[in-house]
Each structure stands twice: as C-alpha cells, then as structure tokens.
Amino acid sequence: MMDRNRYITRQAIKDADSRVLGYEVMYSGGDAYGVTNTNEVSVAETIYNCLVQNSEKALRDSRTFMTFTSSLLAKKTPHLFKNTDLVIQIDDSVIIHPFAMHLLQQYVDEGYEVAANDFQFAPRYLALLEQLSYIKINLRTLNHNSAENIMRVANSMNKRVIATGVDTKEIADFAKTLGVYGMQGTYVADKMANEVHQSGYLRSNFFRLVVAVTKEEPDIHEIEEIISADVTLSYSLLKIANSAYFARRVKTDSIQQAVVTLGLNQLKRWVYLLSIGDTEDESMEDFEEFIKLSFMRASFASELQHYMRGSSITKSEAYMLGMFSTLEYLIDSSMEDILSDIPLADELKNALIKGEGEGGQLLKLVICYEKADWKNITTHAEQLGIPANMLTTIYFNCMESVNEIWEQMINPQFTEGEK
C-alpha cells in the first residue's frame, strides 16, 4: 500500500573529492527515485502542486536533477524551472511510453538536459543516448562488467556518468575506479563528514562578526544571529563562556546567554583570538558546505519543535541539537568528549551521544528526511506528534531561509563606513 504522505527532499551529488556538483530533488511515493505506475496520476498531482509552491526554493542554489513521470511531463512541470537550472531525469516508465518520449524530445529541443536513471545495456536505453547528457547507474544492483561496459559507451559518446547507490566504501572505491562524473548515496555524505575534521569557521561569516562587534553601537541581536548560523563559532563561544575565567554559579547553555556573559569587550577579544588562527585552506569549500548542513539541520529541527505534541524540549534546544549534531565531524574527537565542556542538559547530551529520548528522535527525523528515508520519516513524525503532511512545507521554508541567510554570509554587503 502506498504511503499517503508525499515528501520532497534533496540529496547531494558529489565528485570524487566531495565537491557538490548539484542536488537531486527526491520525492516519496513508490521507489527511491520517484513514483511507480500505481496511482501515478494522483501522485503526480500532489508532487506538481508542491513544486508549484516550492520551485524557486528547490533550485535556488544549485544545478538540480529531478525525476519526471509521464504525467509530470504531460503537465509541463519542467517549465516551472529554467532550462539552465534543471536536469530532467527519466526512468523506464517514461522510456516505454511513446507519447512521453515525444514530449521529452520537445524539452530537449527547448534546451533542457536529460538524465536516464538506472541506465541498462538494453536497446530502449541505447536508442536514447543522443538525447542524454547524463547517465545514472545504480552500483547497488549493477554488476561490475555491466558498469564497465556502460562507462566505455558513455566515454565514447561524451556522456557524464553519475553513480547512485554509493552506500559503502567498497562501492565508492569502485565508482572512483570507473571514473564516474559524480556519486550519490549515504556513504557520499558520510565520507565528506569524516574528512572535514577542521576546527575553523566560515570565513565570510567571521568577517561579518568582526564588522558587527566593531560598530559604534553594536547590535547584540545581530551578533547572536551571526554566531548561531555557524556551528564552530557557536561551540567556541559556549566553551569560552563556561571556562574558569567566566566561572558562574549557573552554567551558560545558549548563545544568547554566552553573548551576555562575555560582554562586548570580551567578545572583541574572542574575535581577535579567532583571527589569529584564520588561515587559507584548499578544503574550505567542503568545510563551508558542511557548516551549511549544520545550519539547515538546526533550522529544520527548531521549526519542527513547534509542531511536537507536548514537547519537553524548547525551540532553542532543538536548534542546538540540530546545529551540534555535526560537531564530531568538525572536531576530531568523540561527541562525548566534545560535549564534556558544554553544560547541556542530560536529555540533550543523551540525544546527541546516544540518540535517546525525544531530542534523539527529533534528530533522527531530521536526518532521515535529509537522507530520503521515507519509511522512517513517517514513523518518527507520528511518534513525535508532528503532522506528516507539513514536513515538506517546513523543509522547503527552512531551505529558503537558510539559503537567503547563507547568501548574506558568503557575500556580505557592507556599507561604505563598515568597509
């Protein structure tokens, strides 16, 4: 039986060096990439309505790959997006549909690029090669010989190959050996996380902080907002605010309290100390992408908290859970050791370290949504009392907000005096 809830999320596509090449917009309703033929029209209607509301949010910051069924192609859904932003993905249900293939050719003539999901060595797929810009092969199900044969054909015709189902190190190593253009899967995200291990911060965000604390009349709310958007700044500030130098009877467990505890003069000194360690790094692109992920998790978790039934955690605690959920990847230490210097409530520490309690379940929901784990999304949402039909709207609203703030952070607009 098909899940009545329709979820839409994004999954990163990265190259062998973990650089983000684009995102695939994925939606639930049948299989990992799109919908099955069962009840396709009603599912397509739901997806279409959601994309109408969220098209600008979905494609704001990347090259986007999206699977289209025959019904979605017939509804002219690709026209919601610019041909320079969108890659139209198709699967077998479209390839065997004569009218859908006629529509696809029209989109190609209009300048849209096309990708074929789960490409196979079969006549119907080989006949498509002229229309394809990308070939996606599922390395979970494809044997090595078939994958190598497809790569030879793709290379001879200058087609870019994206390996999906890259969920283990072994599959990732094989994908690298093949020389694929990009990779997609759970291991891809984990690999980036395991290789980040920096104790830096988003450089452009740091520059905004410098401007904010050195104004003639600093805005405490602005300073708090800048720090809250960067997981490493947040952690560093809380650690200093709870150090012996600022020893207090009541420990500081929020960014707002930490800013007040230090005061402007100490904040300026803290920023100066950070600037001493500011160095250029070739891997900053990966690092910044990971900080953005932390920010997105924090925003999503705090918005979901609003809908939780009888929640025992506050909105700011939910934000902290999402933000700090990536700390062990950014700091080369265990989560338990990292949090030993931060006076979080035991419930929050247990949520971050062991995935326990209400906070742990909220984090699991956020990460399941991030990974398009459709089955567990519904389970966690129901157990937390969060309306499942609200998740996609909340997710895209958070994405839009994060993208807007992120744009300000990486391209800060200073006034003449601030420069």
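Only this structure's heavy atoms are used, side chains among them; waters, hydrogens and symmetry mates stay out.
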Sequence neighbours excluded - ring-ring contact (aromatic ring centres under 6.0 Å, His included) pairs with any residue from residues 148-171: none
side-chain contact (heavy atoms from CB on, under 4.5 Å) partners of Val108, counting only residues at least two apart: Gln105, Val114, Gln131
Qualifying side chain to side chain donor-acceptor pair (under 3.5 Å) pairs, either residue in residues 165-175, two or more places apart: Arg140-Asp167, Asp167-Thr186, Lys169-Asp173
NZ/NE/NH1/NH2 to OD/OE distance under 4.0 Å, Lys136 and Glu24: yes
Short side-chain donor-acceptor distance under 3.5 Å, Gln184 and Thr164: no
Charged N-O contact under 4.0 Å between Glu113 and Arg160: yes
Set of residues satisfying side-chain contact (heavy atoms from CB on, under 4.5 Å) with respect to Asn83, sequence neighbours excluded: Tyr112
Test side chain to side chain donor-acceptor pair (under 3.5 Å) applied to Asn143 - qualifying residues, sequence neighbours left out: Ser146
Aromatic plane relationship, Tyr125 with Phe119 - under 30° parallel, 30 to 60° tilted, over 60° perpendicular: perpendicular
Partner of Phe65 by ring-ring contact (aromatic ring centres under 6.0 Å, His included), out of Tyr181, Tyr134, Tyr23: Tyr134
Non-neighbouring partners of His79 that pass ring pair (Phe, Tyr, Trp, His ring centres under 6.0 Å), sequence neighbours left out: Tyr107
Pair Tyr319, Thr314: side-chain N/O donor-acceptor within cut-off below 3.5 Å: no
Any pair counted as ring-ring contact (aromatic ring centres under 6.0 Å, His included), so long as it reaches residues 337-368, sequence neighbours left out: none
Would you be so kind as to tabulate the donor-acceptor pairs closer than 3.5 Å made by side chains of residues 300-308, with sequence neighbours excluded?
unit_1 : atom_1 : unit_2 : atom_2 : d
Ser302 : OG     : Ala298 : O      : 3.3
Ser302 : OG     : Ser299 : O      : 2.9
Glu303 : OE2    : Lys315 : NZ     : 3.2
Gln305 : NE2    : Ile313 : O      : 2.9

Inter-residue atom distance Met323.CE - Ile255.CD1, 0.5 Å rounding: 8.0 Å
For Lys354, salt bridge (charged side-chain N to carboxylate O under 4.0 Å, His left out) partners two or more places apart: none
Partners passing side chain to side chain donor-acceptor pair (under 3.5 Å) against Gln383 (at least two apart in sequence or in another chain): Gln361
Counterpart residues, side chain to side chain donor-acceptor pair (under 3.5 Å), relative to Ser234 (two or more places apart): none
Contacts of type side chain to side chain donor-acceptor pair (under 3.5 Å), residue Asp346, not counting sequence neighbours: none
